[in-house]
Amino acid sequence: MDFDLSDDAKTLREAARKFLEAEAGPKSARAVMDAEAPHDVALWAKVVAQGWPSARVPEAHGGLGLGTDEACVLAEEVGRSLAPVPLLATMDAIEALLIAGSEAQKARWLPRLAAGEAIGVVAWGEGDSKSPAQMPATRLESGRLSGVKTPVQDGLSATLAVVTVASADGPAMAIVDLASEGVTRSPVEALDLVRKSARIGFDSAPAEPLGDAADWVRLTERLAVLHAWEALGTAGAAMEMALAYAKDRQAFGLRIGRYQAVKHRLADMYIKGELARAHAMHGCWAWGTDASELAQAAAAARVASLEALSFTAEETLQLHGGIGFTWEHDCQFFYRRARAVSAALGSRAHWADRLVRALEQRNRAAA
Amino acid sequence: MDFDLSDDAKTLREAARKFLEAEAGPKSARAVMDAEAPHDVALWAKVVAQGWPSARVPEAHGGLGLGTDEACVLAEEVGRSLAPVPLLATMDAIEALLIAGSEAQKARWLPRLAAGEAIGVVAWGEGDSKSPAQMPATRLESGRLSGVKTPVQDGLSATLAVVTVASADGPAMAIVDLASEGVTRSPVEALDLVRKSARIGFDSAPAEPLGDAADWVRLTERLAVLHAWEALGTAGAAMEMALAYAKDRQAFGLRIGRYQAVKHRLADMYIKGELARAHAMHGCWAWGTDASELAQAAAAARVASLEALSFTAEETLQLHGGIGFTWEHDCQFFYRRARAVSAALGSRAHWADRLVRALEQRNRAAA
Amino acid sequence: MDFNDTPEQAAYRAQVRAWLEANAAEYLAPPEKPWGLDEFVARSKAWQRKKYEAGYAGITWPKAVGGQGLTPMHQIIFGQEESRTYVPTGLYSIGLGMCIPTVFTHGTPELIARFVPKALSGEEVWCQLFSEPVAGSDLASIRTRAECDGEAWVVNGQKVWTSFAHRSDFGILVTRTDFSAPKHRGLTMFIVDMKAPGVEVRPIRQMSGASDFNEVFFTDVRVPDSWRLGAVGDGWKVALTTLMHERLAVGGKPRHAPGWQMLIEVARGIETDSASALERADVRQRIASTYIADEGVKLTQMRALSALSRGAMPGPEQSIAKVVVAKTMQDMAAAALDLAESAGFAAEKGSDLEKLQQSYLWSAGLRIAGGTDEILRNIIAERVLGLPGDLRPPKDTPFNEIEPL
Amino acid sequence: MDFNDTPEQAAYRAQVRAWLEANAAEYLAPPEKPWGLDEFVARSKAWQRKKYEAGYAGITWPKAVGGQGLTPMHQIIFGQEESRTYVPTGLYSIGLGMCIPTVFTHGTPELIARFVPKALSGEEVWCQLFSEPVAGSDLASIRTRAECDGEAWVVNGQKVWTSFAHRSDFGILVTRTDFSAPKHRGLTMFIVDMKAPGVEVRPIRQMSGASDFNEVFFTDVRVPDSWRLGAVGDGWKVALTTLMHERLAVGGKPRHAPGWQMLIEVARGIETDSASALERADVRQRIASTYIADEGVKLTQMRALSALSRGAMPGPEQSIAKVVVAKTMQDMAAAALDLAESAGFAAEKGSDLEKLQQSYLWSAGLRIAGGTDEILRNIIAERVLGLPGDLRPPKDTPFNEIEPL
């Protein structure tokens with residue numbers, strides 16, 4: 001038994017952390033927040049040069065053909081560094097193609113995504129309060145896509161979108177080149193000011209179907225795992241900031257980390273983070289081995305990581321006191337990002353429900 | 001505006017507290033727990049001599065005709081002292097008669113209940129997982145009652161029972177003399193070892209209908225208020241015990257009440273207790289004035305008081321460490337009683353649902 | 001128990017209501033678009049002037065300082081009636097709520113005569129200069145220095161979290177005048193002219209984008225000794241007067257902050273995977289717990305008012321209000337945004353969901369401002385429940401020799 | 001990542017499994033009715049003897065003291081396979097898990113030769129005599145006194161929370177031998193004969209009705225100096241060895257304690273006001289959070305095992321297991337009992353609901369035993385996260401001069 005990341009993945013994590021600590025971090029996030037550009041173009045070029053977008057793309061399509069361990073550590077490090085680049089969005093789209101793409105679709109898009117020539121995104125929300133499992137209004141008929149997706153995180157950067165469309169069996173996917181006629185885009189104001197969101201309208205835009213409804217369910221499970229790692233990274237960075245502050249800041253003659261109200265809160269962050277990490281690893285394993293536990297492990301990873309991230313973001317700000325609430329402080333990045341991560345793939349309650357559905361099936365199978 | 005108990009009620013509270021501190025308390029509770037008798041017979045005689053069972057009985061029926069303020073402070077003090085006497089059960093039955101009794105029923109039973117010659121109880125649970133709003137299996141047909149009520153707290157002491165029966169409009173009430181033929185009783189083991197429970201079987205026992213289905217709903221609202229005060233009293237006593245221990249017990253050279261983990265937990269007990277007290281007072285007012293807010297105020301009082309009691313009982317035990325977990329320590333009385341109070345009238349979730357129903361109606365009315 | 005006014009209270013309420021109907025007619029609905037700061041200040045000054053002239057300013061203050069000498073219940077009745085309108089009052093809440101009571105408690109007759117009337121009439125606006133970057137919860141560790149130079153003091157240092165500093169005429173300022181005295185004993189309080197040379201105000205932008213607070217920098221600012229409040233070295237005692245009045249001011253749920261009603265309305269409009277959101281048991285329990293908290297605080301405050309009307313002083317028990325309300329706002333907003341999925345992330349301007357987004361940001365600050373959750377729990381544990389204080393370094397160490405542990 | 005055994009591990013597992021099939025056949029199902037204590041002890045001794053003879057006792061212990069000299073992974077594989085059966089093992093968990101490792105770490109060769117083999121074979125049962133009524137979490141404040149009297153020590157005092165004291169032959173005993181030394185420096189550890197004159201054992205009844213622990217009173221009990229473990233005054237260091245082994249023993253969810261599966265089954269059977277309980281969103285979220293906690297702890301322990309198999313030592317990180325599991329048990333049991341309304345208050349014997357009642361009582365003790373929630377959070381904060389310790393009185397005050405603050 002070896003319930004640990006592969007050595008290759010650990011090496012990649014170290015490298016990615018070092019790279020992003022040097023190149024990204026809150027400063028880069030703040031620069032993008034204050035700028036017009038939807039992402040850090042220079043950083044993105046360097047990330048592409050690192051080959052990260054190509055991580056999961058098979059060698060036959062110009063990628064590195066790496067496993068889920070490597071994908072997950074990249075997600076963690078992007079989450080940790082808040083790097084304002086559309087890497088995870090692109091990895092999402094790649095995963096959609098890997099699950100559901102025809103050979104032609106893969107051949108057309110994977111090499112371009114791997115090389116950073118295309119930026120991908122997966123878009124399902126329509127500005128209403130539906131979960132990823134509810135039927136979208138967007139339709140694909142005779143190769144023409146009509147509907148609106150909003151808010152699409154990284155949607156201003158993307159050149160290629162995988163979108164959900166209504167089908168008889170539930171939400172299914174279509175793939176659309178965002179340079180096509182009939183595609184309109186505008187910025188949308190959302191809670192996360194760093195990872196910017198778009199409203200993307202489709203008015204009979206040319207598009208192709210991508211797999212079937214079951215593929216969408218499978219994709220959401222994989223993305224639940226991938227983004228659980230992102231959440232772990234973001235929560236970890238917030239917690240480290242809180243920890244450093246608690247060791248330094250003084251009140252009433254003591255470093256505040258001496259007060260149990262503070263230290264036990266930090267212990268709780270650690271506990272929630274460790275539980276989330278354990279489930280995220282389980283999810284990574286289930287995804288990588290296509291195990292029957294994936295539905296369960298992915299949902300658990302999602303629920304546990306959202307719980308860890310939102311608690312950590314809220315209490316990191318609280319532990320910083322007044323300064324944490326200012327525009328100039330980095331606390332807001334974590335506080336706002338927690339909402340973005342939740343919105344990106346459906347809330348805790350949605351995934352708790354899915355988790356229990358998977359557990360019921362397992363309980364029935366065991367009985 | 002005067003959002004406070006009447007001076008008469010405060011005077012009664014002081015007197016009741018003094019009396020019960022002298023006569024009841026954990027020792028009396030422990031004696032009843034270890035004994036065969038279902039309540040403290042000598043204490044009950046003294047309580048009757050104080051006139052408390054007659055508090056709410058109108059003067060015309062031999063009672064004191066007191067208001068809801070007085071009823072509530074009696075409930076609080078019984079809850080605080082853990083007095084093992086069937087006072088609240090009897091007050092419950094009196095309230096049922098006041099709401100729904102015919103003149104003949106009142107004339108027959110109220111004087112005996114007021115004088116302590118009869119001990120009353122309200123019984124709705126049937127050993128299943130229904131709420132007080134769900135239809136019972138017990139039936140009253142042609143003056144004959146058939147069914148089983150269990151666990152009935154204080155049911156071994158009672159001589160008169162108000163029981164729920166099925167009706168076309170939902171649960172309704174019947175009143176039955178427990179000395180009647182067709183009534184069987186046996187002790188039932190339940191979590192509260194002090195306030196003992198009975199299984200009461202009815203096999204075509206003679207009984208009378210008592211009001212209609214709407215009366216049962218009204219009764220549960222009044223009892224929700226009355227037992228919220230009981231819960232406040234019990235939670236208050238537990239908290240005082242925890243507080244005294246925290247000021248005395250030492251660990252690592254400090255009184256444990258200096259540690260924020262302990263002191264903030266006690267602050268949380270206080271906060272929950274104060275919120276519950278505010279709602280309980282609102283409920284007392286709504287009950288006493290028959291205000292249209294009663295459904296809302298009663299449900300809020302119930303939810304808040306259950307929340308305060310269960311938290312306080314659990315954390316009082318926790319703060320005591322190992323000693324709190326022993327048979328010999330009083331912590332168990334509070335820990336177990338919290339479950340009894342919940343079981344007596346339906347869980348938090350049931351009452352939260354009722355609270356929101358009342359709020360929805362208010363929101364609609366306001367719109 | 002009685003929720004109705006006594007006859008005397010009813011008469012006062014009727015009088016207030018009639019006056020408001022005659023004088024606040026333009027404020028019966030919220031403004032169609034938010035006022036800019038200049039307009040807010042102008043309207044605030046005009047409204048305070050009206051109240052002053054009609055005898056509704058300083059209701060509980062002694063007549064000797066220009067107040068009405070009435071009871072707290074009169075103040076509350078006026079406040080209840082005033083808050084049914086949308087008149088602008090926030091500009092004066094700190095000055096009249098905290099600063100001026102400190103002035104008329106500790107100031108000389110000359111200072112009272114000079115400052116109180118113009119504050120009460122709204123002509124002069126006041127701010128409170130207490131917190132510093134390294135002295136937040138631990139106020140007594142401030143480092144702003146005042147040095148005696150003949151008949152005046154020279155002030156150098158930095159304050160923070162000062163509301164309306166840029167619109168204030170004067171402030172009350174706590175300084176350290178003796179660095180070799182123990183921490184609580186080297187402080188002295190002054191009135192400072194916010195227009196004096198060397199005073200620089202910089203707005204602080206909050207996470208929410210708004211700028212409700214300022215930093216204030218003091219560089220060789222001269223303050224006359226005659227503007228001192230209390231004795232040299234007695235600043236901590238004077239500050240406690242201000243903080244006691246803060247306790248009265250920091251209260252329950254901010255006016256117009258989203259509550260359980262909004263959660264019901266938002267839930268009513270959402271169809272989730274499994275059921276209408278309003279029918280979902282988890283949502284109903286959230287609505288219930290929001291109601292329990294917010295209404296429980298309101299009812300608790302009514303209990304305190306009843307005690308007040310019988311002559312009791314508001315005690316540290318009131319600390320529960322903010323600690324309950326702020327966390328409830330945060331949790332409720334998060335739950336509602338969760339429920340609304342992507343619509344909660346990118347909400348339409350002016351929608352309930354946008355208000356909930358603002359509430360989610362705002363509540364994070366509310367859990368900190370005016371006493372953090374942690375400080376308030378300490379206050380409850382120590383002052384209400386009588387538990388011992390946190391173990392801390394000795395209080396008698398000279399300030400400039402304190403080594404943090 | 002790989003959840004499978006290595007070939008070596010698989011071979012060992014197959015060997016263990018074959019041995020268990022041959023030797024534990026009578027324990028493949030739970031006993032039809034619970035064993036009495038005498039039968040439990042007899043069966044425990046017989047089973048330990050079998051393991052000893054087959055080479056499955058002291059798997060990770062050095063061969064020099066009679067162990068097998070194998071790796072922690074071997075121990076874990078054996079434990080996993082053994083726990084699929086219902087063999088009785090609890091009688092030895094403290095003695096072999098904590099006491100004997102202390103003996104062979106700090107004892108003389110004579111003590112090791114005298115005590116270790118008979119403990120390992122199950123012939124002699126051991127208990128741990130550490131806690132006292134006034135020394136719970138703060139173990140170093142014990143007051144049981146040992147006074148030197150020639151070649152022996154005379155022990156007077158009281159211990160508490162001693163499992164199986166009445167069935168033990170020997171115990172390890174921490175005493176204070178110098179009351180004028182600082183608290184951690186006046187302690188000395190001994191082996192004590194539980195059958196010696198002056199040792200009195202009284203069972204403690206718990207809230208749940210069971211008696212899993214004892215008080216042990218020492219009145220002029222003589223202990224030979226040759227039975228001392230470590231130097232005089234080194235008792236704290238010796239006790240830390242024991243406590244380090246406790247960290248390995250105090251772990252995740254107790255075997256057979258109700259978990260998320262039971263909550264699903266209970267909920268499936270309940271029709272609430274609004275919906276089947278299993279369909280209710282609040283119940284589903286409770287099931288999910290129970291799963292997250294319990295399975296998260298299991299998976300965390302698997303991570304630690306993986307590290308262990310690469311040679312790492314288990315660290316304070318493992319403190320999260322009990323703090324998560326105990327509170328989860330308590331909350332889950334309370335939620336299930338709530339859901340079951342009156343059936344949860346008076347549950348049928350042997351039903352799931354009765355198990356949940358027991359779990360509600362038991363979990364309250366589990367939050368305390370082996371380190372309270374509060375102590376474990378301190379351990380995580382200080383030893384894992386590196387935060388400073390609580391401020392406490394000086395450590396070098398003589399024990400008999402300490403004044404509590």
Side-chain angles (χ1 to χ4, degrees), chain A residues 124-134 150-153 188-192 197 199 249-256 258-262 265 306 310 314 317-329 331-332 335-336 338-340 342-344 346-350 352-354, chain C residues 131 133-138 140-141 160-161 183 204-209 211 213 266 269-274 277 280 282-283 330 334-335 337-349 357 360-361 364-365 367-369 372-374 377-378 390-394 397 402-405:
Chain A
W124 60 271
E126 300 186 339
D128 52 18
S129 298
K130 286 182 181 158
S131 79
Q134 285 178 289
T150 182
V152 184
Q153 297 179 38
V188 166
E189 202 170 306
L191 271 173
D192 193 331
S197 293
R199 179 188 188 282
R249 173 77 179 180
Q250 297 146 25
F252 303 105
L254 302 186
R255 285 172 286 156
I256 63 170
R258 266 202 210 278
Y259 293 105
Q260 286 189 338
V262 171
R265 197 102 32 100
L306 289 179
S310 61
E314 289 177 2
L317 195 156
Q318 176 69 16
L319 292 188
H320 277 79
I323 190 79
F325 185 59
T326 61
W327 186 261
E328 300 308 324
H329 200 277
C331 281
Q332 69 154 307
Y335 198 76
R336 292 171 177 275
R339 300 307 318 163
S342 176
S347 67
R348 263 183 285 184
H350 168 71
D353 188 72
R354 285 174 75 155
Chain C
S131 296
V134 295
S137 298
D138 179 13
S141 66
V160 75
W161 310 125
K183 162 171 167 176
I204 299 171
R205 194 172 177 198
Q206 292 137 237
M207 173 169 77
S208 61
S211 290
F213 306 104
V266 165
I270 293 176
E271 193 63 32
T272 73
D273 294 340
S274 52
R280 249 172 52 181
D282 60 332
V283 177
Q330 189 179 41
L337 295 180
D338 257 12
L339 200 59
E341 296 285 4
S342 55
F345 181 59
E348 281 174 42
K349 285 266 168 249
Q357 287 189 342
Y360 188 62
L361 299 174
R367 285 182 61 196
I368 294 162
T372 64
D373 288 1
E374 294 74 22
R377 283 200 169 77
N378 260 12
D390 298 335
L391 201 62
R392 290 172 184 164
T397 311
I402 292 175
E403 295 283 340
L405 294 172

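Chain letters run A, B, ... following the sequence lines, proteins first, then strands; residues in each count from 1.
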> Please walk me through it: do A:Trp327 and C:Ser211 pass side-chain contact (heavy atoms from CB on, under 4.5 Å)?
Replying inline: CA-CA 9 Å; A:Trp327 186 261; C:Ser211 290; over 6 Å; no

>> For A:Thr326 and C:Gln206: C-alpha separation, side-chain torsions, deciding distance, then whether side-chain contact (heavy atoms from CB on, under 4.5 Å) applies.
In response: CA-CA 4 Å; A:Thr326 61; C:Gln206 292 137 237; 5.9 Å; no

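The side-chain heavy atoms of C:Glu374 and A:Tyr259, taken from C-beta on, include no pair separated by under 4.5 Å. Between A:Leu254 and C:Leu391, every side-chain heavy-atom pair lies at or beyond the 4.5 Å cut-off.
Partner A:His350 forms a side-chain hydrogen bond (donor to acceptor under 3.5 Å, both in side chains) with one of C:Asp338, C:Thr272, C:Asp273 and no other, that one being C:Asp273.
Taking each heavy atom of A:Pro151 and C:Ser342 in turn, the nearest pair found is CD-CB, 3.5 Å. Between A:Gly253 and C:Pro393, the closest heavy-atom pair is O-CG, 3.6 Å. Summarising the geometry of A:Ser129 relative to C:Ala343, their closest heavy-atom pair is OG-CB, 3.8 Å, with the distance given to 0.1 Å. In terms of heavy atoms, A:Val188 sits closest to C:Ala346 at CG1-CB, 3.6 Å.
Highest contact tally toward chain A, considering only C:Leu361, C:Ile270, C:Leu339, is held by C:Leu361 [criterion: heavy-atom pairs under 4.5 Å]. Your options are A:Cys331, A:Ala344, A:Gly324, A:Gly321, and the one with the most heavy-atom pairs under 4.5 Å with chain C is A:Gly321. Taking A:Ala133, A:Gly346, A:Ala261 one by one and counting their heavy-atom pairs under 4.5 Å with chain C, the maximum is reached by A:Gly346. Counting heavy-atom pairs closer than 4.5 Å to chain C, the top-ranked of the candidates A:Glu328, A:Gln318, A:Gln260, A:His320 is A:Gln318. The residue among A:Arg249, A:Gln332, A:Lys130 with the most heavy atom pairs within less than 4.5 Å of chain C is A:Arg249. Interface check for chain A: of the options C:Gly344, C:Ala334, C:Ala347, the most heavy-atom pairs under 4.5 Å are formed by C:Ala334. The most heavy-atom pairs under 4.5 Å with chain C, out of A:Leu306, A:Asp353, A:Asp192, come from A:Asp192. Counting heavy-atom pairs closer than 4.5 Å to chain C, the top residue among A:Gly322, A:Ser342, A:Ala343 is A:Gly322. Ranking C:Gly136, C:Ser141, C:Ala364 against chain A, the residue ahead of the rest is C:Ala364, based on heavy-atom pairs under 4.5 Å.
C:Glu271 and A:Gln134 are not linked by any side-chain donor-acceptor pair at a separation below 3.5 angstrom, with hydrogens and angles left out of the test.
Taken from OG in A:Ser197 to CZ in C:Phe345, the straight-line distance is 4.5 Å, to the nearest 0.5 Å. Expressed to the nearest 0.5 Å, how far CZ of C:Arg392 lies from CZ of A:Arg258 amounts to 13.5 Å. How far CG of C:Asp373 is from CZ of A:Arg265: 7.0 Å, rounded to the nearest 0.5 Å. Of the inter-residue distances, the one linking A:Phe325 atom CZ with C:Phe213 atom CZ reads 7.0 Å to the nearest 0.5 angstrom. Taken from CZ in C:Arg367 to CD in A:Glu314, the straight-line distance is 7.0 Å, to the nearest 0.5 Å. Note that CZ of A:Arg255 and CG of C:Leu405 are 7.5 Å apart. Values are rounded to the nearest 0.5 Å.
Formation of a donor-acceptor pair under 3.5 Å by the C:Tyr360 side chain with backbone atoms of A:Arg336 is not found in this model. In terms of modelled atom types and a separation under 3.5 Å, the side chain of C:Glu341 and the main chain of A:Asp128 share no donor-acceptor contact. Without hydrogens or angle criteria, C:Asp138 side chain to A:Phe252 main chain gives a donor-acceptor distance under 3.5 Å.
Using a 4.5 Å cut-off between heavy atoms, C:Ile204 touches chain A through its side chain atoms alone. Contacts between C:Arg377 and chain A at a heavy-atom distance below 4.5 Å are absent for every atom of the residue.
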